[in-house]
Peer 1: 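Here it is, the structure, as structure tokens.
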Amino acid sequence: MHSIKDIRKDITNYEKNFKNRNATFNLKKFTDLDIENRNLIQKKEKLEQEKKIISSKQDKKLFDKSKEISNEIDQINKKQINIQNQINNIVNSLPNIPLDDVPIGKDETSNKIIKESGKIKNFEFKPLSHYEIGKNLKMLDFDLASKTTGARFVFLKSKLAELERAISNFMLDIHTQQFGYQEISPPLMANYSTMFGTGQIPKFENDQFEIKLDDDSRKFLIPTAEVILTNMVRDQVLNVNDLPIRLVASTACFRKEAGSYGKDTKGMIRQHQFYKVELVSIVNPIKCLDELERMTSCAETILEKLNLPYRKVLLSTGDMGFSAEKTYDLEVWIPSEKKYREISSCSSCGKFQSRRMKAKFKDKNNKTEYLGTLNGSGLAVGRTLVAILENYQNKDGSIDVPELLRPYMNNAKQISNSKTN
């Protein structure tokens, strides 16, 4: 969320940046509402002062005048609240401002490849897709999920279910033991204020799964653990010595994928329910960029340890998430598609989310300011499983288990139709 005062001071620059983010910003409407709002506030303050003077005189003859002023204040107050709500609705729907080094562009075609890592395997046979491999192994069942639940869900069975769990546990161990993240097992539902805090609501409300409850409270299944982890500092004032806070969680995530009709309808790439290991950092905002590099490096380490070819991409202004000021995507190589696919997205949000959450800290001079927040996938578990199935497949349909995952699978070296070696 942006400070209205900041927008007012540099409105032309904000308008330009919102345009680069593909966001609609009606400058005239915002300016007119802002001016009207301030005029009403000044008028109300003047009347309140006049009423105060009348009250101090304790003159009964002025009673009617005082009552008349009170009624006028009430009318102005109602009008001012309405105007303020309109301003808030505009500001709450505006995305974060991109940093200067973010490429300007409308979509992913303007993204910048930072590096490529790992060796792409040359198969002596035509590599199968992950859903063909899983079907042949009889361990991936989309038809059953469609019958019991609906489209974009899947049953993982036997060794593939075990592999999914192994991937998640492996990632958690690396992030906690090697990189010092604190593991959290959070709720999988969030209230409206929590969803608002990280920017999922109100702009992306249609993408969320809402839970129907008996009372009037609104609860949503989390689209990512970022939502619940970041809000752990909501409405708090921390001490600078408490920073940085680094959190990690492996959770189920739920998304309607409302804007992806017709995309990736086959396989596990775009599901309504999926698992993800999420990294969240709460830092002094001056440390955001350093922390973004660190967080991205932590996610890269997982890919490197699993020997999965990937590339690091700096997203353009038009491809970044709503709350981000700068984002790196990590894209893993998918042999059957002969292209890279996103497997992690690491973003610095600056003070954007902390303003929405009212999350602050006191610096060394005891000055209070908003925190810096970051989030990243470390990694998406389902897409990591997809990448392993395709990059580690053999001609006979079996799958080699990556060496570092074997201790998590009773030292199994291979997954096949007949047995696990």
Side-chain angles (χ1 to χ4, degrees), residues 99 101-103 108 111-121 163-164 166-183 224-226 229 244 246-250 253 269 274-281 283 287-316 319-321 324-335 337 339-349 372-392 402-405 408:
L99 297 180
D101 62 338
V102 174
E108 68 276 2
N111 293 347
K112 181 181 178 182
I113 298 172
I114 303 300
K115 75 170 186 180
E116 293 185 2
S117 180
K119 186 178 179 181
I120 294 174
K121 183 178 178 180
L163 177 59
E164 180 183 56
I167 291 168
S168 180
N169 289 340
F170 168 71
M171 291 177 183
L172 286 172
D173 284 349
I174 296 298
H175 292 310
T176 56
Q177 297 170 20
Q178 187 170 331
F179 298 125
Y181 286 85
Q182 178 188 0
E183 184 176 354
T224 165
E226 168 211 342
L229 296 180
R246 297 186 177 113
L247 309 171
V248 62
S250 178
C253 305
I269 292 295
F274 56 95
Y275 290 90
K276 184 153 65 82
V277 172
E278 185 74 3
L279 307 174
V280 163
S281 293
V283 301
K287 301 285 188 181
C288 275
L289 291 184
D290 288 340
E291 187 69 15
L292 177 60
E293 298 297 330
R294 182 189 189 276
M295 178 180 283
T296 308
S297 177
C298 293
E300 287 181 77
T301 298
I302 301 296
L303 290 165
E304 289 163 0
K305 287 181 177 292
L306 294 176
N307 291 317
L308 292 170
Y310 73 94
R311 68 183 184 185
K312 178 181 176 181
V313 179
L314 176 61
L315 298 195
S316 71
D319 199 30
M320 287 197 304
E325 63 179 7
K326 182 176 181 178
T327 298
Y328 290 118
D329 268 8
L330 300 179
E331 300 176 342
V332 69
W333 179 254
I334 303 297
E337 299 183 1
K339 66 179 182 181
Y340 291 95
R341 284 284 204 157
E342 178 199 337
I343 196 168
S344 172
S345 191
C346 298
S347 299
S348 169
C349 299
T373 66
L374 302 96
N375 63 81
S377 315
L379 310 160
V381 176
R383 293 194 178 193
T384 304
L385 186 141
V386 166
I388 289 172
L389 290 182
E390 295 209 12
N391 284 279
Y392 280 83
E403 188 173 350
L404 292 181
L405 294 183
Y408 297 87

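In what follows, every heavy atom counts, from backbone to side chain, and hydrogens, waters and symmetry copies are set aside.
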Peer 1: Looking only at heavy atoms, what is the nearest atom pair of Leu229 and Leu247, with distance?
Peer 2: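 Heavy atoms only, the tightest pair is O-CD1, 3.8 Å.
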Peer 1: To the nearest 0.5 angstrom, please state how far the OG atom of Ser250 sits from the CD atom of Glu183.
Peer 2: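 Nearest 0.5 Å value for the OG-CD distance: 8.0 Å.
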Peer 1: Nearest 0.5 Å, what's the CG-OG1 distance between Leu389 and Thr384?
Peer 2: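 Rounded to the nearest 0.5 Å, the CG-OG1 separation comes to 11.0 Å.
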Peer 1: With the side chain counted from C-beta on, respond yes when Cys349 and Asn375 share a heavy-atom pair under 4.5 Å apart, and no when they do not.
Peer 2: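 A side-chain contact exists here, since the closest heavy-atom pair is under 4.5 Å.
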Peer 1: Return yes if some donor-acceptor pair links the side-chain N/O of Asp329 with the main-chain N/O of Leu315 below 3.5 Å, else return no.
Peer 2: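 Not confirmed, Asp329 side chain does not pair with Leu315 backbone.
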Peer 1: Tell me, yes or no, whether the heavy-atom count around Tyr392 atom OH, taken from other residues, nucleotides or ligands under 6.0 Å, exceeds 12.
Peer 2: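 Check passes, neighbour count above 12.
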Peer 1: For Glu116, which residues count as a side-chain hydrogen bond (donor to acceptor under 3.5 Å, both in side chains) partner, sequence neighbours excluded?
Peer 2: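 If we apply the side-chain hydrogen bond (donor to acceptor under 3.5 Å, both in side chains) test to Glu116, skipping adjacent residues, there are no hits.
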Peer 1: If you take all heavy atoms of Gly376 and Met295, which pair is closest and at what distance?
Peer 2: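 Where Gly376 meets Met295 most closely, the heavy atoms are N-SD, 3.5 Å.
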Peer 1: Less than 4.5 Å apart, any side-chain heavy atom of Leu292 and any of Lys326?
Peer 2: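 Of all side-chain heavy-atom pairs linking Lys326 with Leu292, at least one is under 4.5 Å.
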Peer 1: Between Asp173 and Tyr408, does a side-chain contact (heavy atoms from CB on, under 4.5 Å) hold up when you go through it step by step?
Peer 2: CA-CA 11 Å; Asp173 284 349; Tyr408 297 87; 2.6 Å; yes
Peer 1: In the structure I gave you, are the side-chain heavy atoms of Leu405 and Ile388 within less than 4.5 Å of one another anywhere?
Peer 2: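 Touching, per the 4.5 Å side-chain cut-off.
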Peer 1: If we ignore hydrogens and angles and just use 3.5 Å, is the side chain of Ser297 paired with the main-chain N or O of Glu293 as donor and acceptor?
Peer 2: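 Not at all, since once roles are kept as given, no pair shorter than 3.5 Å links the two residues.
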Peer 1: Give, for atom CG of Leu374 and atom SG of Cys288, the distance between the pair rounded to the nearest 0.5 Å.
Peer 2: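 Rounded to the nearest 0.5 Å, the CG-SG separation comes to 4.5 Å.
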Peer 1: Is the side chain of Asn111 donor-acceptor paired with the backbone N or O of Ser316 at a distance under 3.5 Å, no angle test?
Peer 2: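 Between the backbone of Ser316 and the side chain of Asn111 there is a qualifying donor-acceptor contact (under 3.5 Å).
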Peer 1: For a 4.5 angstrom cut-off between non-hydrogen side-chain atoms, does Thr373 reach Val280?
Peer 2: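 Contact flag for Thr373/Val280 side chains = no.
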Peer 1: Using a cut-off of 6.0 Å, state whether more than 12 heavy atoms not belonging to Glu304 lie near its atom CD.
Peer 2: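 Enclosed: over 12 neighbouring heavy atoms sit under 6.0 Å from CD of Glu304.
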Peer 1: Do Thr301 and Phe179 have side-chain heavy atoms sitting under 4.5 Å apart?
Peer 2: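 Yes - at least one pair of side-chain heavy atoms lies under 4.5 Å apart.
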Peer 1: Please give me the minimum heavy-atom distance between Ser344 and Ser377, naming the atom from each residue.
Peer 2: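 Closest heavy-atom pair between Ser344 and Ser377: OG-O, 2.6 Å.
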Peer 1: For the backbone of Arg246 and the side chain of Ser281, can you confirm whether one donor and one acceptor N or O come within less than 3.5 Å of each other?
Peer 2: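 Flag not set: sc Ser281 to bb Arg246 has no pair under 3.5 Å.
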Peer 1: Do Ile269 and Arg383 have side-chain heavy atoms sitting under 4.5 Å apart?
Peer 2: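 Counting from C-beta outward, Ile269 and Arg383 do come under 4.5 Å.
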Peer 1: Which atom names give the shortest non-hydrogen contact between Gly378 and Ile302, and what distance separates them?
Peer 2: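 Scanning both residues completely, I find the closest heavy atoms to be O-CG1, 3.8 Å.
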Peer 1: Could you grab the distance from atom CG of Leu379 to atom CD of Glu342, nearest 0.5 Å is fine?
Peer 2: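 Here the rounded value is 10.5 Å.
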Peer 1: Measure the spacing between CD1 of Ile167 and CG of Leu385 and express it to the nearest 0.5 Å.
Peer 2: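 Result: 4.5 Å between the selected atoms.
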Peer 1: Measuring from Arg311:CZ to Ile114:CD1, what's the distance to the nearest 0.5 Å?
Peer 2: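 Taking CZ in Arg311 and CD1 in Ile114, the distance rounds to 11.5 Å.
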Peer 1: Looking only at atom types and distance, does a side-chain atom of Arg341 sit under 3.5 Å from a main-chain N or O of Ala387, one as donor and one as acceptor?
Peer 2: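 Looks like no, no N/O pair under 3.5 Å.
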Peer 1: Looking at every heavy atom in both Thr224 and Cys253, which two are closest together, and how far apart are they?
Peer 2: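 Shortest heavy-atom contact: CA-SG, 3.8 Å.
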Peer 1: Is it true that the side chains of Lys312 and Ser117 contain a donor and an acceptor less than 3.5 Å apart?
Peer 2: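 Note: Lys312 and Ser117 side chains miss the donor-acceptor criterion.
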Peer 1: I want to check something: taking the side chain as every heavy atom from C-beta on, are Tyr340 and Ile120 in contact at a cut-off of under 4.5 Å?
Peer 2: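 Tyr340 reaches Ile120 side chain to side chain.
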Peer 1: Does Lys287, at its NZ atom, have more than 12 non-hydrogen atoms belonging to other residues, nucleotides or ligands within less than 6.0 Å?
Peer 2: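 12 or below, so no.
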Peer 1: Can you tell me if His175 uses its side chain to pair, donor with acceptor, with the backbone of Leu279 under 3.5 Å?
Peer 2: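 Checking the backbone N and O of Leu279 against the side chain of His175, no donor-acceptor pair under 3.5 Å is found.
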Peer 1: Please find the pair of heavy atoms, one from Ser345 and one from Thr327, that lie closest to each other, and give the distance.
Peer 2: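 Result for this residue pair: OG-CG2, 3.3 Å.
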